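Encoded as structure tokens, the structure appears first; notes follow it.
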Number of protein chains: 4
Amino acid sequence: MSVLLDKKKSIIQSALDLIQEHGFHGCPVSMVAKNAGVAAGTIYTYFENKDDLIIGIYEHVVEEIKKYVSERDDLSLPFKERFYNYWKNLTNFYELNPSIHGFYDQFLNSPYNSDDLQSNPNVWHEFANAFFEDGIQQGDIKQLNPVVLSILVNTNVNSIVRIKQNFKKKLEKNNMELNEISHLIWDGIKAD
Amino acid sequence: MSVLLDKKKSIIQSALDLIQEHGFHGCPVSMVAKNAGVAAGTIYTYFENKDDLIIGIYEHVVEEIKKYVSERDDLSLPFKERFYNYWKNLTNFYELNPSIHGFYDQFLNSPYNSDDLQSNPNVWHEFANAFFEDGIQQGDIKQLNPVVLSILVNTNVNSIVRIKQNFKKKLEKNNMELNEISHLIWDGIKAD
Amino acid sequence: MSVLLDKKKSIIQSALDLIQEHGFHGCPVSMVAKNAGVAAGTIYTYFENKDDLIIGIYEHVVEEIKKYVSERDDLSLPFKERFYNYWKNLTNFYELNPSIHGFYDQFLNSPYNSDDLQSNPNVWHEFANAFFEDGIQQGDIKQLNPVVLSILVNTNVNSIVRIKQNFKKKLEKNNMELNEISHLIWDGIKAD
Amino acid sequence: MSVLLDKKKSIIQSALDLIQEHGFHGCPVSMVAKNAGVAAGTIYTYFENKDDLIIGIYEHVVEEIKKYVSERDDLSLPFKERFYNYWKNLTNFYELNPSIHGFYDQFLNSPYNSDDLQSNPNVWHEFANAFFEDGIQQGDIKQLNPVVLSILVNTNVNSIVRIKQNFKKKLEKNNMELNEISHLIWDGIKAD
DNA sequence: GATGAATGAGTGTTCATTCAT
DNA sequence: CATGAATGAACACTCATTCAT
């Protein structure tokens, strides 16, 4: 049982790495297999087809993000602090797992991210929605749609991580400015 | 000469439409050609190869965005008003040209968007950078890197247009909330 | 022992059903196994490989046909009547076992039906040859090669069953005409 | 134009030869291409997919048979003689074109020969139906459904050609007997 | 310049067969 | 004996690119 799961995990990890390095296109099933140390056919034991593999990666990714951020959410803190933690933890997670960030960024605007998939609930979106719902209930942030709020915040974190990576070797200074963005967003969404 | 340009334009337009409808994958050169009313081989008269075509589309797109937004920028207005116009015009442009928005969204996180390309200046980025530089100079917005500011704002506009399209038929109410996001961002970036 | 035979039978039956429904192509070993309620590997306990399975089905089928027709052959009747019974019983058998008819029809003209296999005697061909040999001996049918006669008659029964199935829902009237074919053939082969 | 048709013809001829030699299974598209002296991709210029190629072959084959037999049908002769010519010409055609006979024999009982295809009229079936309709009109053969009659006769010719090929090197004598089958069938269908 | 048939390397996928459990 | 995950050769098919017309 654990062997099976290990194999599925290693296929997903292999695909994640390849997608980050070569983009969605440069990721043939045969290469994923080779990288994962399995035969090409084996992938089809765990996934119906390549699309299903991509969706499988998405589901894995979404679960990992949720796990990391939710485990570090301390409900006893004031919401402002929880927000900054949310922001910091999500950023950290992406920086610790660049292949996940690379995949997620590409996935969101790809045709793989179908309407059907977006409509279905997923653990990460549910957590994020509930998180901002909480902030609204507690009167700490503006009464906006929590779905909109979570997309807004997550998109900004995504962008900033991307900018950081692009600027990595250029300007140390920018990193400080980028960290200011969280304040900027908080100022925007906090209740008046 | 103008015939040649017309043909190039129609190839680009055809590709834009197909990419929006079928994503980057579902856009073979032969289909672009058919859609544009030319032979497949003709595309190689105007573009070296498919990558060059995609880059060509990007350059076209970037020019169109810049033209639309810059033409509507009124330097005589106070910067706050210019910011809201910038936001509104960029949003309008994307909503008037969904295929451009669809392309741009996919392009930004794709492997086509190489480091080289990002390093090279382009008219739209230059305009946006100068725009926010202006706001800083005039003391109306915080002293942040204008490059960072423009990416931040543009990313948010992109996201919101995308959210609007996803929500189009669901919640009328959300559109109002989405329009509030511009205030939220302004509150974040305006000088204290 | 009987368990083993049961398992072999159920594998054969499963393959027969699948071949009738999906043709020779649409009949992977894994599907035969699933349909038979055994694991894919188990099939290789009973058959050396897929070709051997197909041959095994053929041998089973040929035995079943022979059993049905020979059991209903009454040697005490005049040969003309025996001929009509032969025709009727073979037709009935195919109509009761459409998957056998479907398999046999496909098998006969397939590359599985090798020269080697045709040269080897099989119970059904031997019975049929002997049957027509009998008719010749008794002076009731023309002095033709009994092998040729049996192929001729069997081919015609096969075709007629096939036509009946194609016409099943179209023309009731045709069925009567099709039943006349046996007279037509008898008129052809009976001794002058 | 004629070059294009030549290429299509050579693809069809190549596939016909391979199907006769290796059966339906042993006929990969790549081998058909190699045999025809074209690239694999070229086949898809002329046929949508492999199924379409098989159907294309069928249509070609059916046209060739019709052409050969109809060109040699002499309406001025008495129907009995026309029937014997029909039989002889069809037999000759198959013996001159063994790959067509091999293909047709396999095709008829294969899943490629769908209900849809059988329902659609084709030149050969139409000719054969009209031929036997003629015989009925002229009062020379029994009042049976001409569709049934033509299938019956064609099936018998097919079988006999097959038997001849199997027996080719064994018994010279049989050929004479096989030629008698036409009389046998004529005796069966002729008007009383 | 424009065409579109031809190319063939590359891709996703299937499936007969094996073998560790 | 039975299992079914794993294999990898083989397949159908796609598509960026070329080039003779």
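As the structure is a prediction and not an experimental result, all values here were calculated from the model. Letters A, B, ... mirror the listed sequences (proteins, then strands); counts begin at 1. In what follows, every heavy atom counts, from backbone to side chain, and hydrogens, waters and symmetry copies are set aside.
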Subject >> Residue pair His101(D) / Arg162(D): nearest heavy atoms and the distance that separates them >> reply: CE1-N, 3.7 Å

Original post:
Once you round it to whole Å, what is the distance between C1' of dT3(E) and CD1 of Ile11(B)?
Top reply: 13 Å

Subject >> Selected nucleotide, minimal atom distance to Lys7(B) side chain, candidates dA6(F), dT7(E), dA2(E) >> reply: dA2(E)

**OP:** Kindly say whether the aromatic ring centers of Tyr112(C) and Phe24(C) come within a distance under 6.0 Å.
**Re:** yes

Original post:
Does His25(D) or Val38(C) map to a spot on DNA chain F nearer the 5' end, using the closest nucleotide for each?
Top reply: Val38(C)

I'd like a table of atom pairs between the protein and nucleotides 17-21 of chain E - only N or O on both sides, under 3.5 Å - with the distance next to each one.
from, atom 1, to, atom 2, distance (Å)
dT17(E), OP2, Tyr44(C), OH, 3.1
dT17(E), OP2, Lys50(C), N, 2.8

Original post:
How many Å lie between CG on Asp52(B) and P on dA16(F), as a whole number?
Top reply: 14 Å

Original post:
What integer distance in Å separates Leu53(A):CG from dG12(E):C1'?
Top reply: 12 Å

Original post:
So, Ser119(D) side chain and Asp115(D) main chain: donor-acceptor pair closer than 3.5 Å or not?
Top reply: yes

Subject >> Distance, rounded to the nearest Å, where Phe24(B) contributes CZ and dA16(F) contributes P >> reply: 13 Å

Subject >> Interatomic distance where CG belongs to Asp6(D) and P belongs to dA5(E) [whole Å] >> reply: 16 Å

Original post:
Within this structure, what is the CD1-to-P distance between Ile54(D) and dA12(F), rounded to whole angstrom?
Top reply: 10 Å

Original post:
Which of the following nucleotides, dA12(F), dT7(F), dA2(E), is nearest to the side chain of Pro28(D)?
Top reply: dA12(F)

Original post:
If pairing requires Watson-Crick or G-U wobble contacts with both distances under 3.5 Å, which nucleotide is the partner of dG12(E)?
Top reply: dC11(F)

Original post:
Taking the six-membered ring of Tyr46(D) as reference, does the NZ or CZ atom of Lys9(D) fall below 6.0 Å from its centre and within a 45° cone about the axis?
Top reply: no

Original post:
With both distances under 3.5 Å as the test, what is the Watson-Crick or G-U wobble partner of dA20(F)?
Top reply: dT3(E)

**OP:** To the nearest Å, give me how far apart CE (Met31(B)) and C1' (dA16(F)) are.
**Re:** 14 Å

**OP:** Would you name the heavy atoms of Ser99(B) and Gln13(B) that are closest together and state the gap between them?
**Re:** OG-NE2, 3.9 Å

Original post:
For His125(A), does its backbone N or O pair with a side-chain atom of Asn122(A) as donor and acceptor, under 3.5 Å?
Top reply: yes

Original post:
Between atom CD1 in Ile43(D) and atom P in dT14(F), what is the gap in whole Å?
Top reply: 13 Å

Original post:
Do the ring planes of Tyr104(B) and Tyr58(B) sit parallel (below 30°), tilted (30 to 60°) or perpendicular (above 60°)?
Top reply: parallel

**OP:** State which of dA5(E), dA6(F), dA2(E) makes the closest approach to the side chain of Tyr46(B).
**Re:** dA2(E)

Subject >> Given DNA chain E, 5'-ward residue of the pair Thr42(B) and Gly37(D), judged by closest heavy atom >> reply: Thr42(B)

Original post:
When you check the phosphate oxygens OP1 and OP2 of dC1(F), does a side-chain N or O of Thr45(C) lie under 4.0 Å from one of them?
Top reply: no

